[in-house]
Amino acid sequence: MEHIRTTKVEQVKLLDRFSTSNKSLTGTLYLTATHLLFIDAHQKETWILHHHIASVEKLALTTSGCPLVIQCKNFRTVHFIVPRERDCHDIYNSLLQLSKQAKYEDLYAFSYNPKQNDAERLRGWELIDLAEEYKRMGVPNSNWQLSDANRDYKICETYPRELYVPRIASKPIIVGSSKFRSKGRFPVLSYYHQSKEAAICRCSQPLSGFSARCLEDEHLLQAISKANPANRYMYVMDTRPRHRVQSWWATQKDIGRIIVRISSKIWNDEKIRESDEKKRLNAMANRAAGKGYENEDNYSNIRFQFVGIENIHVMRSSLQKLLEVNGTKGLSVNDFYSGLESSGWLRHIKAVMDAAIFLAKAIEAESASVLVHCSDGWDRTSQVCSLGSLLLDPYYRTIRGFMVLIEKDWISFGHKFSERCGHLDGDPKEVSPVFTQFLECVWHLTEQFPQAFEFNEAFLLQIHEHIHSCQFGNFIGNCQKEREELKLKEKTYSLWPFLLDDQKKYLNPLYGSQSQKSAVLEPNTVSFNFKFWRNMYHQFDRTLHPRQSVFNIIMNMNEQNKQLEKDIKDLESQIKQRKNKQTDGILSKELLNSVRPESPALKATLSLKEQALLPVNDVLRTIEGSSPADNRYSEYADEFSKAEPAVVSLEYGVARMTC
Amino acid sequence: MEFAELIKTPRVDNVVLHRPFYPPVEGTLCLTGHHLILSSRQDNTEELWLLHSNIDAIDKRFVGPLGTIIIKCKDFRIIQLDIPGMEECLNIASSIEALSTLDSITLMYPFFYRPMFEVIEDGWHSFLPEQEFELYSLAISEWRLSYVNKEFAVCPSYPPAVIVPKAVDDEALRKVATFRHGGRFPVLSYYHKKNGMVIMRSGQPLTGTNGRRCKEDEKLINATLRAGKRGYIIDTRPLNVAQQARAKGGGFEQEAHYPQWRRIHKSIERYHILQESLIKLVESCNDQTQNMDRWLSKLEASNWLTHIKEILTTACLAAQCLDREGASILVHGTEGTDSTLQVTSLAQIILEPRSRTIRGFEALIEREWLQAGHPFQQRCAQSAYCNSKQKWEAPVFLLFLDCVWQILRQFPCSFEFNENFLIMLFEHAYASQFGTFLGNNESERCKLKLQQKTMSLWSWVNRPSELSKFTNPLFEANNLVIWPSVAPQSLQLWEGIFLRWNRSSKYLDEAYEEMVNIIEYNKELQAKVNLLRRQLAELETEDGVQESP
């Protein structure tokens with residue numbers, strides 16, 4: 001590779017991120033075309049995919065060498081010390097190049113070869129079939145149909161080819177509405193709730209600066225409303241915060257004709273601000289309409305709901321702040337919580353969750369269809385639609401269903417994965433952890449409903465790993481059209497079959513209680529229910545985690561139980577055989593002789609099984625971090641003997657004496 | 001009976017009980033000397049039985065003829081009673097107020113409680129100092145059991161029997177007692193079998209401003225050191241606080257007089273600072289309406305988790321001195337009855353596998369808290385809701401339990417007991433039908449004749465039917481030292497205590513049950529496989545026997 005000048009550096013030190021002393025592991029650093037690899041003296045390997053690198057930083061030269069700090073998109077942070085400055089410089093430059101590719105074709109997925117043939121690869125891509133999914137939901141039906149309007153991406157480039165719309169919405173209406181909506185993203189079906197006959201629809205904002213009404217758009221909204229015979233009104237949910245919506249209102253004079261009814265379900269935490277806001281909004285709407293409520297008859301079937309999810313820029317800097325706080329050495333409890341608060345991260349997570357709950361309730365309790373939008377309809381809208389569907393439909397809480405949900409609401413509807421994850425060297429302002437937030441919301445749900453999900457936390461972490469890894473084609477590109485142009489299905493592999501093959505790792509052993517499995521989830525969003533997701537943001541900082549994982553133990557035990565059930569069957573049949581043979585044996589000694597060779601074989605299988613059982617137990621009970629060799633605790637041993645300590649502080653469980 | 005005077009209205013009908021997450025219950029309210037009882041008198045409806053001593057504070061409100069009493073309990077639960085009739089309501093309220101703040105200990109429920117269960121083992125005799133000492137005695141040639149405090153004359157807050165270095169006689173102990181706060185001379189708290197190092201605890205030395213010294217004291221603690229070895233003194237107060245203590249006659253060990261000891265100062269808070277921390281935390285946990293920013297900032301402002309971190313850190317440090325440094329330690333703060341005990345008992349949880357068993361943990365509480373003279377009566381008189389604050393209240397024991405919970409969470413398989421066991425201990429420390437947590441020390445307990453007049457908590461707990469509720473199904477004896485992480489990211493709010501009444505735990509409980517089922521099923525299957533294997537092996541040998549002739 002032209003970017004790699006140094007492929008191997010020896011005597012490199014890897015520092016522990018949270019250690020207060022400068023204890024380190026020494027090893028060799030290798031640079032390959034796809035990975036940075038560190039092998040320490042104990043032959044433990046640390047692999048870092050170039051695509052996972054978010055930033056590389058070269059710090060000021062120290063006596064022991066040149067420090068190189070690498071921050072990864074999967075929240076791994078490594079701190080190397082390279083003995084010679086020139087090596088460090090070479091690696092630094094190589095990583096800068098390798099972590100920011102200019103062309104899609106240079107991404108790992110285009111060279112990754114898991115040794116599958118073309119047929120297998122194609123089957124992998126066909127694993128998730130969205131047409132099947134719409135069929136499962138019950139569309140097309142008498143009210144909803146497949147539209148061919150976007151068959152050639154002529155109306156909307158960022159939508160998929162196949163879109164479901166109300167049967168009564170004609171093509172001219174669709175075309176007209178798409179011209180009124182930003183990026184042509186007109187209202188289409190995202191989820192259909194069969195028993196309630198209500199729909200979740202999604203779109204982008206109406207074009208600002210448009211002063212005239214758009215009759216086609218109004219027709220399309222009416223059509224969505226009418227496609228739900230169960231309810232005569234529908235909701236339009238604007239997921240943006242109010243100050244942004246206000247400016248949008250100001251440009252939408254005619255929207256005042258629509259009666260604004262902000263639901264009485266006001267979010268608790270913003271009661272005061274909201275009531276002021278409500279007055280102002282109403283006033284504005286009335287002013288714009290000239291006559292206020294007079295047109296209620298025409299539009300009373302639309303109810304507006306505002307939820308304040310912030311934009312991608314706010315979210316990006318929020319995560320940035322969070323990571324800064326958590327990366328601090330010797331963090332105090334108060335700094336942690338004030339950092340958590342000022343980052344606003346959990347507030348944003350709660351906002352997304354509250355929006356999804358509103359959506360689910362509108363459908364479940366009121367049988368009302370809901371149209372969700374934000375600005376472009378590919379970030380917040382994706383979050384709210386997918387999370388709302390997940391609350392409503394237990395299918396999306398299965399491993400396969402969750403894949404379908406991501407394919408549908410995120411990949412096919414044009415969430416800009418490549419831009420949001422910074423796959424290519426592009427505009428850093430387009431990067432934002434929108435999908436990470438979605439995964440975190442799902443994690444919060446798994447915490448509140450431990451038996452409602454077929455998958456476990458490892459599954460969410462693995463998906464998060466791969467939205468950035470660019471190892472598989474699924475998340476490359478920003479919309480379906482782009483993916484087709486890149487010929488991803490021919491040139492790359494799909495992630496999903498690999499996850500399914502590894503399914504055992506991702507199963508939730510507690511899944512299956514009927515009450516949680518089939519129910520509509522109604523999470524409690526009181527603030528104290530939102531916790532910092534340590535296993536995501538510190539997934540590589542082992543010292544911060546519990547040393548024994550109940551979850552892993554139960555998972556292994558569940559697996560073991562299956563094996564034991566099998567063993568019991570085997571043993572029972574063997575005993576039965578033996579008994580039969582004994583009775584037969586009395587009758588015929590010859591027969592007995594002929595079966596004799598079987599018995600050593602039986603013994604062999606038995607002892608094999610015993611062996612197979614034991615290691616499971618070992619794994620179950622191994623306690624990481626409790627052995628004296630654990631580096632966190634061995635390191636201060638020399639500290640103790642070194643000098644007369646005046647003050648002893650213990651940080652991250654590591655005592656340190658300062659003199 | 002004097003209770004009758006306090007109860008003007010013993011019974012009111014049509015009272016409505018409101019609790020979060022439960023539908024309201026209408027029924028009859030009865031007041032007895034020790035209980036508030038609400039019964040709907042219908043089948044399948046749980047009755048509410050509330051100990052008056054569990055009531056921390058009450059509020060009353062009136063809307064027309066309907067009165068409302070809001071009862072705030074020491075276990076942080078809040079319930080509401082709607083009582084028809086203003087007079088009845090006022091009577092009930094004043095009765096509750098009087099009955100929940102009885103002055104005399106001997107009027108407390110434990111003196112009236114008659115157990116309905118069969119006592120298998122009398123808990124008052126479960127953890128005698130002699131038996132506990134025997135556990136060590138095999139390994140100890142340097143220690144002895146001293147009865148110098150038999151009449152509680154040397155130290156009123158120590159038990160009659162204490163473990164001291166063999167080389168120091170009772171006369172010297174009496175002298176040392178005059179040099180230590182409250183007469184609390186250094187005694188053995190824990191003996192680390194691995195290397196023979198020990199944890200001792202005491203009150204602060206009474207050096208005063210003129211730097212008084214006590215040769216016997218120096219000799220006593222030096223007697224615990226091996227030749228050429230150095231020890232550590234962990235003072236739970238910051239240096240400036242320890243220095244200020246000299247003005248009041250207290251102080252700390254001067255380097256000059258204790259050359260073989262290194263002093264380390266930590267800062268574990270005491271008294272009203274802890275009490276205020278608890279009040280703030282509970283208030284914040286009870287507020288369902290606050291937004292995220294407010295919740296996080298209040299959680300931070302309560303400082304509760306900061307205290308947890310400080311206590312755990314100090315305990316880890318103590319454990320490290322013993323296990324990693326091979327050094328003995330002496331722990332004290334001012335009195336040696338609060339932060340000192342938090343540190344010495346938590347260090348044992350970290351170091352000693354036995355203290356992570358149910359029996360061992362009970363022994364630890366008996367030894368390091370009850371016998372060691374933690375003033376439960378003073379510290380646990382009130383909880384988070386009481387307005388009239390007295391100086392001595394502090395959630396010291398709750399902080400200890402919380403720290404244990406934090407370690408339990410990080411090592412969920414290393415403890416024989418589960419979270420419910422810790423919650424149970426918290427409840428009984430504040431309000432109980434048992435005498436175990438009454439009084440401030442052994443001397444008071446003796447005077448109250450608790451052993452004769454009340455039932456021990458351990459008599460109730462240590463029956464198989466109760467133990468099963470408190471047993472951790474994941475327990476697998478782990479003989480290692482367990483080092484918890486004390487990073488803020490690793491510490492969590494103890495939801496089982498602080499959010500217990502503020503959220504529905506239905507789904508979490510169901511999940512826990514499912515987990516228990518999987519473990520039980522696993523045991524069942526293992527047993528069955530073993531049985532079948534034996535059967536098969538027998539059949540095989542039978543075959544062999546048949547064939548051999």
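In the text below, chain A, chain B and the rest are named by the order of the sequence lines, each starting its count at 1.
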A.B. asks: With a 4.5 Å cut-off on heavy-atom pairs, point out which of B:N522, B:L525, B:L493, B:D287 contacts chain A the most.
C.D. replies: B:N522

A.B. asks: Quick check on A:F532 against chain B: is it the side chain, the backbone, both or neither that has a heavy atom closer than 4.5 Å?
C.D. replies: side chain

A.B. asks: Would one find more than 12 heavy atoms of other residues, nucleotides or ligands at under 6.0 Å from atom CZ of B:R294?
C.D. replies: no

A.B. asks: Between B:D293, B:L491, B:T306, which shows the greatest number of heavy-atom pairs under 4.5 Å with chain A?
C.D. replies: B:D293

A.B. asks: Check each atom of B:L299 against the heavy atoms of chain A and say whether the ones under 4.5 Å are side chain, backbone, both or neither.
C.D. replies: side chain

A.B. asks: Between A:K531, A:K579, A:H545, which residue shows the highest count of heavy-atom pairs closer than 4.5 Å to chain B?
C.D. replies: A:K531

A.B. asks: Could you check whether B:K194 pairs with B:D323 (Lys NZ or Arg NE/NH1/NH2 to Asp/Glu carboxylate O, under 4.0 Å)?
C.D. replies: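 Yes, B:K194 and B:D323 are salt-bridged.
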
A.B. asks: Which bit of B:E495 comes within less than 4.5 Å of chain A, counting heavy atoms only: side chain, backbone, both or neither?
C.D. replies: side chain

A.B. asks: Got a salt bridge between A:K350 and A:D354, using NZ or NE/NH1/NH2 to carboxylate O under 4.0 Å?
C.D. replies: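 Counted as a salt bridge, because a side-chain N and a carboxylate O are separated by less than 4.0 Å.
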
A.B. asks: Please check: side-chain N/O of A:Q548 versus main-chain N/O of B:C413, any donor-acceptor pairing under 3.5 Å?
C.D. replies: yes

A.B. asks: For the pair A:Y537 and A:W345, name the ring-plane relationship: parallel under 30°, tilted 30 to 60°, perpendicular over 60°.
C.D. replies: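 Perpendicular.
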
A.B. asks: Where on A:S332 is there a heavy atom nearer than 4.5 Å to chain B: the side chain, the backbone, both, or neither?
C.D. replies: backbone

A.B. asks: Is the side chain of B:R230 donor-acceptor paired with the backbone N or O of B:Q260 at a distance under 3.5 Å, no angle test?
C.D. replies: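 Checked: no pair found.
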
